[in-house]
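Written out below as structure tokens is the structure these notes cover.
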Amino acid sequence: MLFILILLSGLSNAQHLRSPQKMKLNAGIITSKLAETKEFYTNILGFGISYENDFYLLLHAPGKQAELSFLLPNHASQQPLFQQPFQGQGMYLTIEVEDVDRLYRELKKKKVEIKIDLRNEHWGDRHFAISDPNGIAIDLVKYTRPE
């Protein structure tokens with residue numbers, strides 16, 4: 001009986017070790033445009049400020065399900081890996097929203113430059129795109145069933 005308990009305990013621990021760890025993603029962008037970035041994400045997209053100091057800005061999406069961080073380049077507190085600024089190309093964010101049509105109208109009223117007009121894709125996205133002050137493309141999307 002003791003052997004069976006040890007075996008079951010070992011199996012339980014082995015399954016626990018093989019299961020993936022819980023992770024939370026926070027995309028970070030190194031930029032000198034902290035003030036413009038803060039203004040854009042808080043006033044245009046309704047993000048909140050989780051934390052802020054003179055060289056770092058942590059923002060959360062409405063509902064706090066996702067975060068973005070922004071860091072000044074070449075800051076003395078950071079290791080070289082985290083000092084080079086983003087060059088404004090090759091990155092995009094997808095933000096899923098409940099009512100993409102309403103958000104599109106709201107951003108048009110705010111005079112936000114729309115990079116891709118509101119459209120339906122055959123794979124099921126209804127979306128449009130803008131970009132932030134750092135040149136990051138932002139795809140605002142409502143997922144629907146494919147046509």
Side-chain angles (χ1 to χ4, degrees), residues 8-147:
L8 289 176
S9 174
L11 287 176
S12 175
N13 288 337
Q15 288 175 343
H16 176 69
L17 294 175
R18 284 187 294 220
S19 64
Q21 295 182 34
K22 184 177 179 181
M23 295 183 186
K24 181 179 179 182
L25 177 65
N26 168 350
I29 296 95
I30 301 171
T31 179
S32 60
K33 299 179 179 180
L34 286 185
E36 300 95 319
T37 299
K38 177 182 172 181
E39 173 78 16
F40 177 85
Y41 282 93
T42 58
N43 292 331
I44 301 299
L45 294 178
F47 277 54
I49 300 167
S50 296
Y51 179 80
E52 178 180 24
N53 64 25
D54 62 331
F55 65 91
Y56 181 77
L57 175 64
L58 178 61
L59 303 174
H60 59 265
K64 298 185 178 183
Q65 292 186 0
E67 291 180 316
L68 287 173
S69 62
F70 300 90
L71 177 66
L72 280 179
N74 303 310
H75 197 271
S77 70
Q78 301 301 306
Q79 295 296 314
L81 182 63
F82 301 109
Q83 289 193 0
Q84 294 302 309
F86 174 68
Q87 298 297 315
Q89 295 180 327
M91 181 178 180
Y92 70 92
L93 301 172
T94 299
I95 301 175
E96 185 178 354
V97 298
E98 291 178 21
D99 190 341
V100 72
D101 293 85
R102 185 183 80 199
L103 182 58
Y104 180 79
R105 289 189 303 271
E106 288 173 3
L107 296 187
K108 295 271 289 181
K109 284 180 189 174
K110 291 180 178 181
K111 307 285 188 216
V112 173
E113 181 182 359
I114 306 297
K115 301 287 187 172
I116 299 173
D117 282 318
L118 186 62
R119 57 189 285 154
N120 293 321
E121 303 291 357
H122 70 274
W123 57 82
D125 290 1
R126 180 160 177 76
H127 68 123
F128 68 99
I130 61 177
S131 64
D132 83 354
N134 305 293
I136 298 169
I138 301 173
D139 189 26
L140 297 146
V141 63
K142 171 69 177 171
Y143 295 116
T144 61
R145 289 201 167 118
E147 296 174 357

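Reckoned from all heavy atoms, side chains included, excluding hydrogens, waters and symmetry mates.
- Here T144 contributes atom OG1 and N120 contributes atom CG; the two are 6.5 Å apart, rounded to the nearest 0.5 Å.
- Not a single side-chain hydrogen bond (donor to acceptor under 3.5 Å, both in side chains) links D99 to another residue, sequence neighbours left out.
- Side-chain atoms of T37 and N134 form a donor-acceptor pair, as typed in the model, at a separation below 3.5 Å.
- Listed here is the closest heavy atom pair of G46 and P62: O-CG, 3.3 Å.
- Residues D132 and I138 meet the side-chain proximity criterion, which asks for heavy atoms closer than 4.5 Å.
- Centroid-to-centroid, the aromatic rings of Y41 and F70 come within less than 6.0 Å.
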Next on the checklist: Run L107 and I130 through side chain to side chain contact (heavy atoms under 4.5 Å, CB included) and show every step you take.
Outcome noted: CA-CA 9 Å; L107 296 187; I130 61 177; 4.0 Å; yes
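- Panel note: side chain K24, backbone E67; no donor-acceptor pair is recorded below 3.5 Å.
- Checked against salt bridge (Lys or Arg N to Asp or Glu O under 4.0 Å), R102 has the following partners two or more places apart in sequence or in another chain: E106.
- Of all non-hydrogen atoms in F86 and I136, the two that sit nearest each other are CE2-CG1, 3.6 Å.
- By the 4.5 Å heavy-atom criterion applied to side chains, H60 and F47 are not counted as neighbours.
- Between Q84 and I30, the closest side-chain pair of non-hydrogen atoms is not below 4.5 Å.
- The backbone N or O of P85 sits less than 3.5 Å from a side-chain atom of Q87, completing a donor-acceptor pair.
- Using a 4.5 Å cut-off on side-chain heavy atoms (C-beta onward), F82 and N74 make no contact.
- No side-chain heavy atom of L58 sits under 4.5 Å from any side-chain heavy atom of L68.
- Qualifying side-chain hydrogen bond (donor to acceptor under 3.5 Å, both in side chains) partners for E36, counting only residues two or more places apart in sequence or in other chains: none.
- For the salt bridge (Lys or Arg N to Asp or Glu O under 4.0 Å) test, no residue two or more places apart in sequence or in another chain qualifies with E98.
- The side-chain heavy atoms of I95 and V141, taken from C-beta on, include no pair separated by under 4.5 Å.
- Qualifying salt bridge (Lys or Arg N to Asp or Glu O under 4.0 Å) partners for D101, counting only residues two or more places apart in sequence or in other chains: R126.
- Between the side chains of H75 and Q83, no donor-acceptor pair of N or O atoms lies under 3.5 Å.
- Expressed to the nearest 0.5 Å, how far CG of L103 lies from NZ of K110 amounts to 8.0 Å.
- Distance CG/L140 to OH/Y104: 11.5 Å, rounded to 0.5 Å.
- You'll find the side chain of L57 stays beyond 4.5 Å of the side chain of Y51, heavy atoms only.
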Checklist entry - Do T42 and L59 pass the side chain to side chain contact (heavy atoms under 4.5 Å, CB included) test, and can you show the C-alpha distance, the side-chain angles, and the key distance before you say yes or no? => result CA-CA 8 Å; T42 58; L59 303 174; 4.3 Å; yes
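- The line from CG of N53 to OG of S77 is 8.0 Å long, rounded to the nearest 0.5 Å.
- In this structure, K33 contributes its side chain and P133 its backbone to a donor-acceptor pair below 3.5 Å.
- A donor-acceptor pair is defined here as one N or O able to donate and one able to accept, closer than 3.5 Å; no such pair exists between the side chain of D125 and the backbone of H127.
- Between F128 and D117, the closest side-chain pair of non-hydrogen atoms is not below 4.5 Å.
- Here E52 pairs with K38 under the salt bridge (Lys or Arg N to Asp or Glu O under 4.0 Å) rule; sequence neighbours left out.
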